[in-house]
Structures are given as C-alpha cells and as structure tokens.
**Q** 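Before anything else, here's the structure in question.
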Amino acid sequence: MKKLSKKKRHEFLDAIYDLLFSQYGKLSCSLDHSNPLELMVATILSAQCTDARVNKITPALFKKYPTAHDYAIANQEELEDDIRSAGFFRNKAKSIIGACQVIDQSYGGELPNNLTDLVKLPGIGRKTANVILGDAFDVPGFPVDTHVTRLLNLIGLVKTDNAVKIEQFVIEVVDEARWVNFSHLLINHGRLVCVARKPKCEQCVLNKKCELNLKNNC
DNA sequence: ATCCCGAGGG
DNA sequence: CCCTCTGGAT
C-alpha cells in the first residue's frame with residue numbers, strides 16, 4: 001500500500017468510504033450532547049469506555065454541572081463519584097476540572113473552536129479536540145481512535161498505531177468534506193462488524209478490499 | 001483474558 | 001518507545 005501513488009491511494013480510500021457510506025450513510029456523533037461543553041465532557045469520559053456507558057452517566061452529570069464554571073469549582077472527589085463507572089475516574093475528573101478552569105477563566109466559559117487552543121487544555125488531546133471540532137463546531141477534522149487505528153491497519157492502509165501519522169495519511173488523500181463522517185463510519189463499522197475480538201468478515205462490506213479477509217479466505 | 005471513540009508522563 | 005490510570009462488558 002505504501003507504494004501506491006497519491007492518486008491510487010485517493011481512489012482506494014474513496015472506495016472504502018463509498019462502501020461504508022452505502023451501508024451506514026451520514027452518521028452523527030454517538031455521544032449524547034447538546035452543546036460543545038457537553039461533548040467535551042462526554043469525549044473525555046469516553047476514553048477506554050463504551051459510548052453506551054458514557055451516555056448512561058451524562059444526563060444526570062450535565063444537569064448537575066450545566067456550565068464550565070460549575071466544573072471549575074467542583075469538588076474533585078464528588079465529581080469522581082459522579083463519573084466513576086466510566087473508569088479512569090481520577091484522571092478524567094482532574095481533566096474535566098482543569099480544562100473547565102481554563103475555559104472559565106481564559107475563554108469566558110465558551111470552548112475555543114480551533115485545534116491549537118483545544119489541545120492546550122489539560123486532558124484534551126488530539127483525538128478529543130478533533131471530535132469537538134467536527135461534531136460541535138463543524139470544523140473538519142479526522143479523529144483517530146482505537147477503531148480507526150484497528151480498521152485502517154487491518155485493511156492494510158497503514159502499518160502504525162501512531163494516531164498523528166494515521167490522521168496525516170487520511171487528511172492528505174481524502175477530501176476535507178469527508179473527514180468527519182469517514183471517522184464516524186470507521187468507528188461505527190468497528191463496533192458493529194469489524195469488532196476487535198472476532199471480526200465478522202463474512203458480513204463485511206469491505207470484504208474484498210481488506211487484507212485481513214484476503215489472508216483468511218483467499 | 002481482552003477490549004472500550006485517550007492522555008500524560010517517563 | 002514505554003508505562004499508568006479504571007470500571008464494565010464479553
């Protein structure tokens with residue numbers, strides 16, 4: 001795959017996108033939220049945790065902490081209890097409070113809408129920043145999570161777990177208008193069909209395109 | 001035992 | 001590059 005020209009890589013990635021789009025269409029973020037702050041909190045909670053579990057926690061959480069200021073002045077141990085079942089609760093509580101203190105003090109309570117400022121917030125890395133940009137601000141980005149990493153490696157498009165390299169590879173050859181939904185499509189497919197433990201290759205639309213399937217069946 | 005829409009630190 | 005942080009689901 002490395003030897004393919006940029007044009008060929010573009011065509012191959014477009015084919016992958018089209019196959020996934022034909023099955024799932026335009027997807028929206030699966031983390032329940034109604035504003036950028038809620039999406040930021042939900043995305044922090046989603047680390048090494050299913051979105052279903054996050055969505056179970058957030059209704060009560062968002063009601064209890066409606067603004068960045070509410071998190072900024074929150075008692076950390078109390079917030080830890082509020083988010084405990086999402087796992088990594090100490091780190092996540094620290095991240096939420098730390099990020100919200102900066103948002104409250106430096107940005108007037110509103111999240112910045114650019115990557116540079118978002119990744120400066122404590123606990124906000126590139127993945128979380130790209131999710132916020134794409135799903136809350138309609139700014140194109142390509143979030144790379146465990147599913148995106150796994151699927152693109154299985155297909156044979158990349159041979160690295162380095163999220164930045166994967167992001168660069170995709171945004172170089174895929175049209176900007178497709179970045180956000182491509183990430184959603186890969187994540188959705190990774191949860192429903194190309195699951196980590198036992199990929200359902202026999203019911204996968206990427207069947208003919210995927211190195212994993214070629215190794216298994218050809 | 002392995003994985004889930006990660007991030008920070010060494 | 002490595003490690004740690006954590007509960008829940010399968």
**Q** Starting at the 5' end of DNA chain C, which residue's closest nucleotide do you reach first, A:Gly87 or A:Asn162?
**A** A:Asn162

**Q** Determine the Euclidean distance between corresponding P atoms of B:dG9 and C:dT6; express it in Å to zero decimal places.
**A** 14 Å

**Q** Figure out the CG/C1' separation between A:Asn153 and B:dC3, and round it to whole Å.
**A** 16 Å

**Q** Without decimals, in angstroms, what is the distance between A:Phe142 CZ and B:dC5 C1'?
**A** 12 Å

**Q** A:Arg150 side chain N/O closer than 4.0 Å to the phosphate oxygens (OP1, OP2) of B:dC4?
**A** yes

**Q** Across the strands shown, which category fits A:Arg191 at heavy-atom distances under 4.0 angstrom: base, sugar-phosphate, nothing?
**A** base

**Q** Check whether the side chains of A:Asn181 and A:Tyr17 place a donor and an acceptor atom closer than 3.5 Å, and report yes or no.
**A** yes

**Q** Counting only side-chain heavy atoms from C-beta out, which of C:dT10, C:dC5, B:dC4 sits nearest to A:Arg90?
**A** C:dC5

**Q** In terms of side-chain geometry, is the basic nitrogen of A:Asp70 or A:Lys64 positioned less than 4.0 Å from the acidic oxygen of its partner?
**A** no

**Q** Among B:dC4, C:dC5, C:dA9, find the nucleotide with the atom closest to the side chain of A:Arg53.
**A** C:dA9

**Q** Classify A:Ser30 by what it touches in the nucleic acid, base, sugar-phosphate, or nothing, heavy-atom distance under 4.0 Å.
**A** base

**Q** Between A:Asp135 and A:His184, do the side chains contain a donor N or O and an acceptor N or O under 3.5 Å apart?
**A** yes

**Q** Just how far, in rounded Å, is C1' of B:dG8 from NZ of A:Lys92?
**A** 14 Å

**Q** Measure distances between side-chain N and O atoms of A:Thr146 and base N and O atoms of B:dC3, and say whether any donor-acceptor pair falls under 3.5 Å.
**A** no

**Q** When the distance from CG of A:Asn91 to P of C:dT4 is rounded to whole Å, what number comes out?
**A** 13 Å

**Q** Judged by each residue's nearest nucleotide on DNA chain B, which is more toward the 5′ side, A:Ala196 or A:Arg126?
**A** A:Ala196

**Q** In whole Å, I'd like the distance from the CG atom of A:Leu45 to the C1' atom of C:dG8.
**A** 14 Å

**Q** Could you tell me the separation between the CD1 atom of A:Ile187 and the P atom of B:dC4, rounded to a whole number of Å?
**A** 11 Å

**Q** Could you measure between the two P atoms, the one in C:dC3 and the one in B:dC5, and give it in whole Å?
**A** 24 Å

**Q** So which one's nearest nucleotide on DNA chain B is more toward 5', A:Leu121 or A:Cys49?
**A** A:Cys49

**Q** Taking only the side-chain heavy atoms of A:Phe88 (C-beta and beyond), determine which of B:dC5, C:dG7, C:dC5 contains the nearest atom.
**A** C:dC5

**Q** Answer yes when A:Arg178 and A:Asp175 have at least one side-chain N-carboxylate O distance shorter than 4.0 Å, and no when they do not.
**A** no

**Q** At 4.0 Å (heavy atoms only), tell me whether A:Ile124 reaches a base, stays on the sugar-phosphate, or touches nothing.
**A** sugar-phosphate

**Q** Ignoring hydrogens, what is the shortest heavy-atom contact between A:Leu39 and A:Cys29? Give both atom names and the distance.
**A** CD1-SG, 3.8 Å

**Q** May I ask you to say whether A:Glu11 pairs ionically with A:Lys7, meaning some side-chain N is under 4.0 Å from a carboxylate O?
**A** yes

**Q** If you measure from the C1' atom in C:dC1 to the same atom in B:dC4, how many Å do you get, rounded?
**A** 23 Å

**Q** Report which part of the nucleic acid A:Asp51 touches: base, sugar-phosphate, or nothing (heavy-atom distance under 4.0 Å, all strands).
**A** sugar-phosphate

**Q** For A:Gln48 and B:dC4, what is the distance between atoms CD and C1' respectively, to the nearest whole Å?
**A** 6 Å

**Q** I need the CG-C1' distance between A:Asp145 and B:dC4, as an integer number of Å.
**A** 9 Å

**Q** C:dG7, B:dC4, B:dG6: which one has an atom nearest the side-chain heavy atoms of A:Ala47?
**A** B:dG6

**Q** Which nucleotide wins on minimum distance to the side chain of A:His147, given the candidates C:dA9, C:dG7, B:dC5?
**A** B:dC5

